[in-house]
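Below is one structure; the comments refer to it alone.
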Amino acid sequence: MITALADTKNLLSDLIKRYSSQVDHLAIRLESAEGTDILLRGNKIETLSEGISLGGQVRACYKGGWGFASFNQLATLADRIEEAIAAARIVGCDETILAPVTPIQDICTLPLTGTDPRQISLARKKALCQYYGEILRSVDPKIATISVRYGDSAQRIVLATSEGTLIEQSWVDIEMRFAATARDGETVQTGRETIGSRKAYEDLEGLDEQVHQAALRSVHSLSLPPVKGNTYTVVIDPILTGLFVHESFGHLSEADMAYENPDLLEVMSLGRQFGPSELQIFDGAAIPEHRGSYFYDDEGVAATTTQLITDGVLTGRLHSRETAGKLGETPTGNARCLNYHYPPIVRMTNTWIERGKTPVQDLFNDIQEGVYARNWLGGMTNGEMFTFTAGEAWMIRNGKIAEPVRDVTLSGNAFKTLADIEAIGDDFYWDESGGCGKGGQSGLAVGCGGPSLRIRDVVVGGEAIEE
């Protein structure tokens, strides 16, 4: 559908001109994608497929009401535009408020640093999955089940709007997920690893040690004592910090959550102190070479970097054009959709806590009894409340890392936990394993990062919550 791009762009421009007078805003987004999906479970390849998808979406806004239509055949585009316009005119009864943007005409590609996965044969990708599967199985006879999942996707987007924006943008995304479950009687433990990249197929090769360690963790955890539930001072590693800032705080920074919920908008009022003076939190797609990076969002707004918390104070939030318009703020380029079946909504991109000044070893000082938690196994959030399960954990005794423990869950209130940060480490790590879910759109690529943190009064205990 997007092979004859010049003709396609001319068609979009003509249709936009023909129909834009009937609505306040009109956008057409075309998408072509090709990808691979492989699932190895146990000794069996359950999924082995390569596919191409072609489609698009139409969004129309009239008097504040939105109409949406998706399609797979370009020949039906005019009909879909009329459907979206009709829907918008039925529900529109207020005022269309979209933050103004400068129309953009551009062609851009997120550059690869190595081999495009489309140049790798399906047989070679399958062999890689089987190779990692054998590593997982070979660690110990107590490994009961294993799984390896490989996925890649190359997408090309063409976006045209009634303001005059016409953008062509393309990128490649790849990911592998590994899991090993060990069993000893009724005790079951799981180790996981996820690796993602928008840079090169080579990033998924040579992962023998990470894969081996995932299986080893599941086996070692079988013989560990469960943690004693209590409230502890906790030190978390950068991977858990990235998960925490994304799940617990990042979603609360998405402005559609706030303007639809007056109570949350009051809580998330700009200028409010949320953490210590050294706490800096950012989100942005403008930084290159991460899984949440791009040049323009799915409304055609240029990618930015937004500082959400400055010196512990809430100073920003993430916007679409509509949320920015309704709250009188500036669009941040955070309107994203998983694919053409869904309309863009406010989503995170790459979210991180900036590194601090405390040497990591000093984070443990003076903790008489606490918990050190690394990596993540799974978790859940509900508004401002969170519960995460650590992939590995140790007790801290008299300022030193002591015996390992299992079934460590960390629970709390996001705002209170930010306020309870006692120290921010001088280390930093980007976790590219993120696949974010919101509004029925699960698996959107994001990046998370941060340093190690020391947090007081964290509730620890309970049963493990898996992803």
Practice task
Examine Arg80 relative to Phe71 and say whether NZ or CZ is less than 6.0 Å from the centre of the six-membered ring and inside a 45° cone about the ring axis.
Solution key: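 No; the conditions do not both hold, so Arg80 does not lie above the ring face of Phe71.
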To the nearest 0.5 Å, how far apart are [atom1] in [X] and [atom2] in [Y]?
X: Tyr340; Y: Ser53; atom1: OH; atom2: OG; value: 5.5 Å
X: Asp106; Y: Thr165; atom1: CG; atom2: OG1; value: 10.5 Å
X: Tyr342; Y: Phe68; atom1: OH; atom2: CZ; value: 9.5 Å
X: Glu299; Y: Arg321; atom1: CD; atom2: CZ; value: 6.5 Å

Handout entry: Worked check of side chain to side chain contact (heavy atoms under 4.5 Å, CB included) between Cys448 and Glu247
Key = CA-CA 10 Å; Cys448 305; Glu247 292 287 358; over 6 Å; no
Using only heavy-atom distances, determine whether the side chains of [X] and [Y] contain a donor-acceptor pair under 3.5 Å.
X: Asp297; Y: Asn334; result: no
X: Glu82; Y: Tyr19; result: yes
X: Asn413; Y: Glu384; result: yes
X: Glu322; Y: Ser320; result: no
X: Gln280; Y: Asp311; result: yes
X: Asp237; Y: Tyr429; result: no
X: Thr349; Y: Asp283; result: yes
X: Ser411; Y: Thr387; result: yes
X: Glu266; Y: Ser269; result: no
X: Glu193; Y: Gln213; result: no
X: Thr315; Y: Thr310; result: yes
X: Glu202; Y: Thr115; result: yes

Taking [X] for the side chain and [Y] for the main chain, is one N or O donor matched with an acceptor at less than 3.5 Å?
X: Ser293; Y: Ile287; result: yes
X: Gln169; Y: Tyr296; result: yes
X: Arg177; Y: Arg149; result: no
X: His319; Y: Pro331; result: no
X: Asn350; Y: Gly292; result: yes
X: Arg118; Y: Ala154; result: no
X: Tyr132; Y: Leu207; result: yes
X: Gln307; Y: Ile309; result: yes
X: Thr113; Y: Ala200; result: no
X: Thr76; Y: Gln73; result: yes

Problem - Closest non-hydrogen atom pair between Gly447 and Trp430, with its separation - result: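 Smallest heavy-atom distance, with atoms named: C-CZ3, 4.0 Å.
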pair [X]-[Y]: side-chain heavy atoms closer than 4.5 Å:
X: Glu34; Y: Glu50; answer: no
X: Leu110; Y: Val172; answer: no
X: Arg272; Y: Val313; answer: no
X: Gln441; Y: Arg347; answer: yes
X: Leu204; Y: Ile174; answer: yes

Exercise for the section: Kindly indicate, with the supporting measurements, whether the criterion salt bridge (charged side-chain N to carboxylate O under 4.0 Å, His left out) is fulfilled by Lys63 and Asp24. Expected result: CA-CA 7 Å; Lys63 291 187 176 181; Asp24 301 322; over 6 Å; no
Practice task
Run the numbers on His251 and Met348 for side chain to side chain contact (heavy atoms under 4.5 Å, CB included), then give the verdict.
Solution key: CA-CA 7 Å; His251 281 297; Met348 281 172 280; 3.6 Å; yes
Exercise for the section: Could you walk me through whether His25 and Thr161 pass side chain to side chain contact (heavy atoms under 4.5 Å, CB included), step by step? Expected result: CA-CA 8 Å; His25 174 75; Thr161 74; 4.2 Å; yes
Problem - Results of ring-ring contact (aromatic ring centres under 6.0 Å, His included) for Tyr232 - residues two or more places apart only - result: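 Scan of Tyr232 (ring-ring contact (aromatic ring centres under 6.0 Å, His included), adjacent residues dropped) gives none.
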Residues [X] and [Y] bridged, charged N to O under 4.0 Å:
X: Glu175; Y: Arg291; result: yes
X: Glu329; Y: Arg317; result: yes
X: Arg198; Y: Glu289; result: no
X: Arg355; Y: Glu278; result: no

Problem - Pairs where residues 414-436 contributes a residue and the test salt bridge (charged side-chain N to carboxylate O under 4.0 Å, His left out) is met, not counting sequence neighbours - result: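 Residue pairs passing salt bridge (charged side-chain N to carboxylate O under 4.0 Å, His left out), neighbours aside: Lys416-Asp420, Asp420-Arg456, Glu422-Arg454, Glu422-Arg456.
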Handout entry: Phe386/Phe388 aromatic ring centres below 6.0 Å
Key =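 Centroid separation for Phe386 and Phe388: below 6.0 Å.
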Handout entry: Plane angle bin for Phe282 and Trp352 - parallel if under 30°, tilted between 30 and 60°, otherwise perpendicular
Key =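 The rings of Trp352 and Phe282 lie parallel, inter-plane angle below 30°.
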Handout entry: Partner of Leu363 under side-chain contact (heavy atoms from CB on, under 4.5 Å), chosen from Leu453, Ile236, Val235, Ile455
Key =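 It is Val235; the other options fail the test.
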Practice task
Given side chain to side chain contact (heavy atoms under 4.5 Å, CB included), test Leu122 with Thr36 step by step and report yes or no.
Solution key: CA-CA 8 Å; Leu122 183 61; Thr36 304; 3.6 Å; yes
